[in-house]
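These numbers were taken from a predicted model, which means no experiment stands behind them. In the text below, chain A, chain B and the rest are named by the order of the sequence lines, each starting its count at 1.
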Amino acid sequence: MTEPSGYSDDWSAIDAGYDAAPAAPARAGGGIAARALAARRGPDYLAGLNPEQRQAVETIDGPVLVLAGAGTGKTRVLTTRIAHILSSGRAWPSQILAVTFTNKAAREMRERIGHLIGGNVDGMAWLGTFHSICVKILRRHAELVGLSSGFSILDTDDQLRLMKQVIQAEGLDDKRWTARAFASLVDGWKNRALTPKDVPEGEARAFGNGKGRKLYAEYQDRLSVLNAADFGDLLLHVITLFKTHPDVLADYQRRFRFMLVDEYQDTNIAQYLWLRLLAQGNPNICCVGDDDQSIYGWRGAEVDNILRFEHDFAGATVIRLERNYRSTSHILAAASHLIAHNEGRLGKTLFTDDADPEAEPVCVASAWDSEEEARSIGDEIEALQARGHSLDQIAILVRASFQMREFEDRFVTLGLNYRVIGGPRFYERMEIRDAMAYFRCIAQPADDLAFERIVNTPKRGLGEATLKIVHELARAERIPLMQAAAQLCLTEEIKPKARKALADLLAAFERWRAQLGAMKHTELAEIVLDESGYTEMWRADRSAEAPGRLDNLKELVRSMEEFESLAGFLEHIALVMDRDNAEAGEAVSIMTLHSAKGLEFDTVFLPGWEEGLFPHQRALDESGRAGLEEERRLAYVGITRARKRAKIWFASNRRIHGLWQSSIPSRFLDELPEAHVEVVEPSTRYGGYGGGGYGASRFDARDPFQSGSYSTPGWQRAQRARAAQGGFAEAGGFARADMRSARARQQGPLTIEGELVARSVGDGVSDYAVGERVFHLKFGYGAIASIEGNKLTIDFEKAGRKRVLDSFVERH
DNA sequence: GGATAGGCGGTTTTT
DNA sequence: CCGCCTATCC
């Protein structure tokens with residue numbers, strides 16, 4: 001959350017003459033435009049662009065959609081285009097709107113433009129994320145949407161706490177109707193630019209005993225009273241502002257002569273509407289994106305936006321960037337062939353001129369279980385390292401974060417340096433949020449959520465009872481908590497002990513507020529953390545994390561130095577939640593496929609390509625075919641991260657929720673082109689019940705059982721099943737897999753190749769008996785020690801005691 | 001107010 | 001199976 005900053009001063013500079021386009025190139029003063037113009041003598045920024053890139057840079061008028069495949073120079077086009085607009089004298093830096101999704105992307109773009117035109121780009125006031133640009137607009141017109149200019153920005157945590165209060169205030173059971181569920185609902189509505197009155201009746205009724213709309217309206221009302229906005233509001237309020245105040249909209253339409261949007265495939269409906277409102281006054285909008293890399297549908301992104309671009313923006317020019325500068329032809333072929341299985345796409349074919357005869361094909365390997373997978377990948381990384389490859393150029397990209405732990409464990413054992421990208425961020429840590437809450441209370445006395453957070457941290461004897469009294473008064477009078485507390489300190493309503501504690505706290509805040517103008521904000525921060533007893537609290541804490549938390553607090557104060565004021569710092573934090581991940585030393589990167597988008601590495605390992613995990617079962621269950629296509633795009637993103645080497649793995653057994661499950665190779669493996677893929681002999685064994693559940697897989701044929709020596713019951717049964725069925729379901733028949741939903745998996749009997757494989761999947765009761773001798777594909781022979789429902793505890797002769805589902809063992 | 005047991009959920013994440 | 005949150009007890 002946050003609060004304002006010097007948002008008023010940037011305006012004078014920005015406003016200066018934004019109405020006029022730079023008329024004659026020659027007249028520009030000392031600004032960016034001038035430097036860009038100087039560079040024009042030889043527009044070397046255009047040199048080295050391929051024809052399509054050049055067209056994308058030079059087609060400045062009218063709507064343009066640049067379909068930029070992975071590694072085709074997207075950012076280069078975007079930044080060069082801006083340099084070109086500036087140098088051609090068509091606009092001042094302050095007349096260009098350039099929107100990105102992440103702060104990182106915005107920062108990179110700013111830097112690269114700086115390199116192109118040789119100098120700083122301070123004049124580009126409107127280069128930023130959707131959210132930061134919206135904040136800038138809103139600060140200026142806050143009153144028009146029921147806020148005042150210093151409004152706070154709530155983060156997810158504040159949002160949840162507020163929603164919980166609203167749900168409870170409606171007299172609903174907050175267990176049945178969780179704040180989390182409500183938050184995702186409201187986020188969804190805001191992503192679609194729906195205010196409480198716009199929400200379709202059916203959806204509104206589905207939550208909180210039919211009270212969805214009322215709760216949403218109530219929540220918005222509370223935000224307004226708190227003078228706060230959540231992330232979704234930032235866009236929503238600006239849309240409302242534009243719709244209800246045409247004069248304001250017209251002002252921005254005139255201001256933004258050229259608009260550029262990065263990662264257009266990730267825009268949601270609200271962002272699309274926002275852009276369209278602005279583009280109504282001015283068709284010079286250029287959107288850059290790749291429909292094949294749309295992987296955020298689950299958080300509201302509409303691939304449709306990019307698919308419909310030509311329709312939405314009349315007379316649009318569509319330019320395809322298909323020349324890839326990143327990967328080998330094998331990698332491109334693998335990725336292209338895979339993604340061609342998607343139907344809803346605009347279609348691009350990546351190619352490269354860089355045909356290296358030495359290039360390695362994409363590799364597919366199998367492991368017995370996830371442990372072996374981690375071990376093998378670890379070994380390979382060590383081998384690469386020994387051959388002089390930098391660990392910085394190696395990445396492991398997983399579908400789900402639980403997969404990371406196995407790699408971490410393994411790398412710790414090997415002493416291999418690794419770094420996990422993603423995960424909890426600096427500003428989300430408890431101690432940081434607490435400290436921030438103190439600062440917020442100082443800067444914005446009406447910030448109730450911040451006050452609630454720290455009122456009794458450290459403990460001051462201000463428990464629930466006291467807080468309830470304060471809350472009641474605040475609510476009745478519609479005043480901030482701190483104001484209510486101050487009033488109550490003058491009465492007898494609160495017990496003397498608590499009253500004293502409360503009065504002391506309020507006095508402290510008064511004191512700190514008075515000091516705000518008198519000293520450096522970093523100095524004040526230290527005083528606050530010290531006098532509040534907050535640092536002392538952690539110093540007294542004997543737990544293992546306490547020293548780290550104290551370090552983080554120091555780091556927080558240090559990072560405040562970069563800002564002019566406390567308010568400026570708070571604003572930054574609310575919008576820029578990323579932390580510098582620049583740890584020293586070479587390291588292998590471990591991250592999810594999602595967080596890998598936009599990155600590239602020489603060598604990429606892609607473990608866990610198994611049905612159910614990737615494509616993820618939940619994506620299939622919840623979004624069916626669209627879900628599958630998004631998973632496939634994720635696979636495409638994964639492969640295209642690799643410059644030289646991509647190695648895909650699948651494990652035949654994986655432990656999920658503590659139970660061993662045998663798994664089937666991902667259907668995506670069958671969608672890779674044989675000519676560019678090398679299947680590495682499985683190291684030892686084979687697991688699962690031979691044959692994919694949804695169709696023939698050429699990975700089925702490579703199991704060692706085929707070489708003859710195997711005759712286990714599971715194998716024989718699978719063979720019988722194949723023979724009986726006389727063939728397989730059509731490859732790629734995902735409809736069948738779709739039907740085999742998680743529910744069916746858990747409740748119905750599990751069949752593979754028409755054969756009943758699991759008798760009692762789910763809550764059924766096992767028909768095995770204690771003491772019975774059984775066979776398990778992975779663990780071999782053993783005796784049942786105990787039975788709980790369909791879960792057996794078995795003492796295996798070799799593997800020891802394990803718990804497995806009865807469906808994975810055979811009577812023997 | 002702090003410790004502890006029981007319940008629940010367990011894909012992906014930015015702003 | 002494991003980790004987190006909450007409710008409950010002292």
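Remark: A:Arg460 pairs with A:Tyr438 by the side chain to side chain donor-acceptor pair (under 3.5 Å) rule, at least two apart or across chains. Taking A:Arg618 as the reference, A:Glu622 meet the side chain to side chain donor-acceptor pair (under 3.5 Å) condition, with sequence neighbours excluded. Under the side-chain contact (heavy atoms from CB on, under 4.5 Å) criterion, A:Ser595 pairs with A:Met591, A:Thr592, not counting sequence neighbours. The salt bridge (Lys or Arg N to Asp or Glu O under 4.0 Å) search around A:Arg405 returns none, not counting sequence neighbours. Partners of A:Glu431 according to the side-chain contact (heavy atoms from CB on, under 4.5 Å) rule, which considers only residues two or more places apart in sequence or in another chain, are A:Arg429, A:Tyr534, A:Trp538, A:Arg549, A:Asn552, A:Leu553. Checked against side chain to side chain donor-acceptor pair (under 3.5 Å), A:Thr100 has no partners two or more places apart in sequence or in another chain. Under the side chain to side chain donor-acceptor pair (under 3.5 Å) criterion, A:Ser559 pairs with no residue at all, not counting sequence neighbours.
Taking the side chain of A:Phe231 as heavy atoms from C-beta on, and the options B:dG10, B:dT12, B:dT15, the nearest nucleotide is B:dT15.
Taking the 5.5 Å centre cut-off and the 30° plane limit, the aromatic side chain of A:Tyr296 is not classed as stacked on B:dT12. Stacking here means ring centres nearer than 5.5 Å and ring planes tilted less than 30 degrees, and by that measure A:His616 stacks onto B:dT11.
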Between the protein and nucleotides 6-8 of chain B, which nitrogen or oxygen pairs come in under 3.5 angstrom?
none

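Residue A:Gly461 is classed as a sugar-phosphate contact, given heavy-atom separations below 4.0 Å to backbone atoms only. Within 4.0 Å (heavy atoms only), A:Asn191 reaches no atom of the nucleic acid at all.
Here A:Asn268 does not reach the OP1 or OP2 of B:dT15: none of its side-chain N or O atoms lies under 4.0 Å away.
With hydrogens and angles ignored, a donor-acceptor pair closer than 3.5 Å exists between the side chain of A:Arg399 and the base of B:dT12.
Remark: A:Arg633 fails to qualify as a cation-pi partner of A:Tyr636 under the 6.0 Å distance and 45° angle criteria applied to the six-membered ring.
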Q: Scan nucleotides 1-10 of chain C nucleotide by nucleotide, 5' to 3', and note B when protein non-hydrogen atoms come under 4.0 Å of the base, S if they reach only the sugar-phosphate, - if neither.
A: B----SS---

